[in-house]
Number of protein chains: 2
Amino acid sequence: MTEKRATIQDVANLAKVSITTVSRVLNKNYPVKDATKKKVEEAIERLSYKPNMLARGLIQNKTQTIGILTPSIENLFFSEVIKGIDAYIKKERYTSFLCNTEGKANYESLMADNLLERSVDGIISIDPQTELIRSGFYEALAKKIPTVLINGYNKGVQCNFILNDQEVGTYEALKYLIKLGHRTIAFLRGKRSHSYDIKESVYRKFMKDNGLEIIEDRILVVNSGNDLETVQQSRELLKKRLKKGAGFTALFACNDWMAVGALNAVNRLGLSVKNDLSIIGFDNTIISQISEPQLTTVDQNMNRLGVLAAKRIKEIIKEKDTEIKKILLDTRLVIRKSTRELKQGNK
Amino acid sequence: MTEKRATIQDVANLAKVSITTVSRVLNKNYPVKDATKKKVEEAIERLSYKPNMLARGLIQNKTQTIGILTPSIENLFFSEVIKGIDAYIKKERYTSFLCNTEGKANYESLMADNLLERSVDGIISIDPQTELIRSGFYEALAKKIPTVLINGYNKGVQCNFILNDQEVGTYEALKYLIKLGHRTIAFLRGKRSHSYDIKESVYRKFMKDNGLEIIEDRILVVNSGNDLETVQQSRELLKKRLKKGAGFTALFACNDWMAVGALNAVNRLGLSVKNDLSIIGFDNTIISQISEPQLTTVDQNMNRLGVLAAKRIKEIIKEKDTEIKKILLDTRLVIRKSTRELKQGNK
DNA sequence: TCATTTATAGAAAAGGTTTTCTATAACTAT
DNA sequence: ATAGTTATAGAAAACCTTTTCTATAAATGA
């Protein structure tokens, strides 16, 4: 049993002017005499009138709304990106429709349709599903509506991408491990994600470049579900490996959760980073600063990723720049306490 | 330069019927001959027509959209609640507008207005600002639009509330510490939040009930900002205290982040939960399962909080139940490794 | 056979704005 | 004075739907 909202007509009646005039006062896009303006403003105030964005959106064909597709909301990686988007968007007086796709391609396409129906002005998709990119879904979407993809870059796909240079990030991290004297480096990844694939291929290339043997047995894979599961599975996997003598002195993990899981395993077995296993993570999420010891990791500046995506989509909306661009952001190795120089004698 | 969207008129033209008929095929709310229906469906398919929700919303005065106000998106507490809301909402074919108020009252009211302008069907506010509740803002809002508040309960305020029974939760946690033999219990809270106030008053009552002295010096306060800052500040604060001999053997922290910060302090000083300080957290966020040792904490079942809020708001929207209700959810003490029986001889 | 119902479908109104078009009065410039 | 601006404001069209009202033909019932 909610009150009825005042309309522009109500305001016009009270102020004894036409709705046209009210609209003009509201939008300040046409001269109105000070006296009438005052009358109108008083009426607006009195009725606590709020314009109906549906009607406005319908006629102007824009809604000051950006749709965001994200695979998860609880993951700190994504929430940081979203915060970045949000901060920029807010400044530009936009609002966002946030859709949690749960990392499922069918949800992702359904929700993109939903956003389209709701006439959002643009869509930002975070970590879009590879199959949708490859199938041309996003290229088709981009023809209907300004679209920016964060990560998920695929060569040859005609879309606007913003992404971190994970390849360089991975390479630098591995280089650091070598510099510390490590020669036997394991690689820990989740089951399927474009970014894991990229990192793995960099890992392989790196090992080859440095004349190190690639032992398939040192490429560890967890069934990544949510963050907690990822931690738990990494922990169990590493425990099993460490118990029987790992056969490696350093571990590159594809994200901080996996790294923390590995760290947990080390701790629980009474081993240590110092003597047994150096661990490097990826993402520099809050967890990497809270873990004990704190994680060495690769910072992706996720917030900036979000800000740039938002900025880019605004450019496209305003059609200042209709070109298709791929924007690469630098990563940064953050050295903390989970990586140690390999002692002579260890192997 | 985006393609123009097909309208219902385009479909009608292609199928050689009236728009009325197309609408009927779309909404299945009126009989249409099979032959015509087929023609229309083909036209829809061919034009890949998607109805314009703005127009539909305008005339039906409902948008199948729920607005969510949250103080933070990165905080795991809130994201779990949001996930709960989302899960229920999705089932009911609603979409959500998620607004990050950053815990600022002025943003919160501004964004509520924004949601109103966008004709959402209902608003769920997570941890609403106390000053807005007290000032009557939410009571006024609830008259304009179905509204449900998660937490922030204030006596006498005529709003629909869903909340955890934090009082019982706090009491149970403290009781457990006593059961372990602790007599000197400190209380760690953030600067200002309704929930901290509640917990503190329970703490005071509990101490009195059990004939324990309340020493003001054992009520510790951190300047809670974001999660990372909370952890860091708790860590530093506890380090300082522990160094000079804490004067207490157990600590009740108002949330898991504070608890983890305290745990960090214990670890870094080479002390232990076993011998020096039992710590109990609140919320049972993922972090409590990842920390070493794992945290004893109070589970609030945040997901369920979200689900119930969503369910409640649907009821209100459908006007099945226009009563004002306060729904209290049980909490549950989760015993893990950060609390230990007090050894005789310690004090 | 005539009146009534039923199935089907179109015309037009309604929803709340913005925008274009038109109108009037008051200036300005010749 | 006369024509051309300028400032101001209203009427009406447009945006894309759903819904109500009206209409026709076929089916049913008496």
Side-chain angles (χ1 to χ4, degrees), chain A residues 2-41 43-44 47-65 114 116-121 144-145, chain B residues 2-41 43-44 47-65 114 116-121 144-145:
Chain A
T2 50
E3 296 168 357
K4 214 161 112 260
R5 250 168 92 179
T7 73
I8 200 172
Q9 188 62 257
D10 298 329
V11 176
N13 292 343
L14 185 59
K16 298 198 203 318
V17 297
S18 73
I19 58 171
T20 313
T21 303
V22 178
S23 171
R24 281 167 184 159
V25 171
L26 240 37
N27 297 297
K28 308 185 205 309
N29 54 4
Y30 202 82
V32 175
K33 236 210 293 199
D34 278 353
T36 20
K37 183 190 282 187
K38 206 172 155 207
K39 274 194 304 179
V40 172
E41 278 164 349
I44 288 176
L47 299 171
S48 71
Y49 164 77
K50 303 264 184 315
N52 182 327
M53 294 306 229
L54 295 182
R56 177 178 287 177
L58 185 57
I59 193 166
Q60 294 194 136
N61 200 27
K62 63 179 181 186
T63 52
Q64 293 290 108
T65 311
N114 186 264
L116 227 41
E117 289 177 7
R118 285 161 191 275
S119 309
V120 296
D121 296 339
K144 299 188 203 146
I145 187 171
Chain B
T2 50
E3 296 167 358
K4 214 162 111 259
R5 249 167 92 179
T7 73
I8 200 172
Q9 188 61 258
D10 298 328
V11 175
N13 293 342
L14 185 58
K16 298 197 203 315
V17 297
S18 74
I19 57 170
T20 313
T21 303
V22 178
S23 171
R24 282 167 184 159
V25 171
L26 241 36
N27 297 298
K28 308 187 207 307
N29 53 3
Y30 203 82
V32 174
K33 235 208 296 197
D34 279 353
T36 17
K37 184 190 279 185
K38 205 172 154 205
K39 274 194 303 180
V40 172
E41 279 166 350
I44 288 176
L47 299 171
S48 70
Y49 165 76
K50 302 264 183 315
N52 182 327
M53 295 306 233
L54 296 181
R56 176 178 288 177
L58 185 57
I59 193 167
Q60 296 194 134
N61 200 27
K62 64 180 179 184
T63 52
Q64 293 290 110
T65 310
N114 186 263
L116 228 40
E117 291 177 6
R118 285 163 191 273
S119 309
V120 296
D121 297 339
K144 299 187 203 148
I145 186 171

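All values reported here derive from a predicted model rather than from experimental measurement. Chain identifiers are assigned alphabetically (A, B, ...) following the order of the sequence lines, protein sequences preceding nucleic acid strands; residue numbering begins at 1 within each chain.
Residue B/I19 is in base contact, counting any heavy-atom pair closer than 4.0 Å across all strands shown. If you check every strand for non-hydrogen atoms under 4.0 Å, B/T7 touches sugar and phosphate atoms only.
With hydrogens and angles disregarded, a donor-acceptor distance shorter than 3.5 Å links the side chain of A/D121 to the backbone of A/Q64. Remark: side-chain polar atoms of B/R5 are paired, donor with acceptor, to backbone N or O of B/P51 under 3.5 angstrom.
Comparing D/dC15, D/dA9, C/dG15 against the side chain of A/T21 picks out D/dA9 as the nearest. Ranking C/dT8, C/dG10, D/dA12 by closeness to the B/K33 side chain, first place goes to C/dT8.
A close approach under 4.0 Å does not occur between any side-chain nitrogen or oxygen of B/Q60 and OP1 or OP2 of D/dT17. Look at A/S18 and you won't find any side-chain N or O under 4.0 angstrom from OP1 or OP2 of D/dA9.
When side chains are defined from C-beta on, B/E117 does not count as touching A/N52, because their heavy atoms never get closer than 4.5 Å. Counting heavy atoms from C-beta on, the side chains of B/K33 and B/K37 never come closer than 4.5 Å. Between B/D10 and B/Y49, every side-chain heavy-atom pair lies at or beyond the 4.5 Å cut-off.
In this entry the distance linking CE of A/M53 with C1' of D/dC16 reads 18 Å, nearest Å. Protein atom CG of A/N13 is 13 Å distant from nucleotide atom C1' of C/dG16, rounded to whole Å. Atom pair A/N52:CG and C/dT18:P shows a separation of 10 Å (rounding to whole Å applied). Rounded to whole angstrom, the span from the CD atom of B/Q64 across to the P atom of D/dT18 amounts to 13 Å. A/N61 places its CG atom 11 Å from the C1' atom of D/dC16, with the value rounded to the nearest Å. As a whole-Å value, the separation of A/L116 CG from D/dC16 P is 14 Å. For A/K50 and C/dG16, the NZ to P distance is 16 Å, given to the nearest whole Å. Note: CG (A/L58) to C1' (C/dG16) measures 9 Å, nearest angstrom.
The residue among B/V17 and B/I59 whose nearest nucleotide of DNA chain C is located toward the 5' end is B/V17. The 5' end of DNA chain D is approached more closely, in terms of each residue's nearest nucleotide, by A/D34 than by the other of A/T20 and A/D34.
A heavy atom closer than 4.0 Å to some atom of DNA chain C occurs in B/R24, B/Y30, B/P31, B/V32, these being the qualifying members of residues 23-32 of chain B.
The shortest non-hydrogen separation linking B/R118 to B/T63 is O-CG2, 4.2 Å. The heavy-atom pair separating A/L58 from B/L58 by the smallest distance is CD2-CD2, 3.8 Å.
Side-chain atoms of B/T36 and base atoms of C/dA9 include no donor and acceptor less than 3.5 Å apart.
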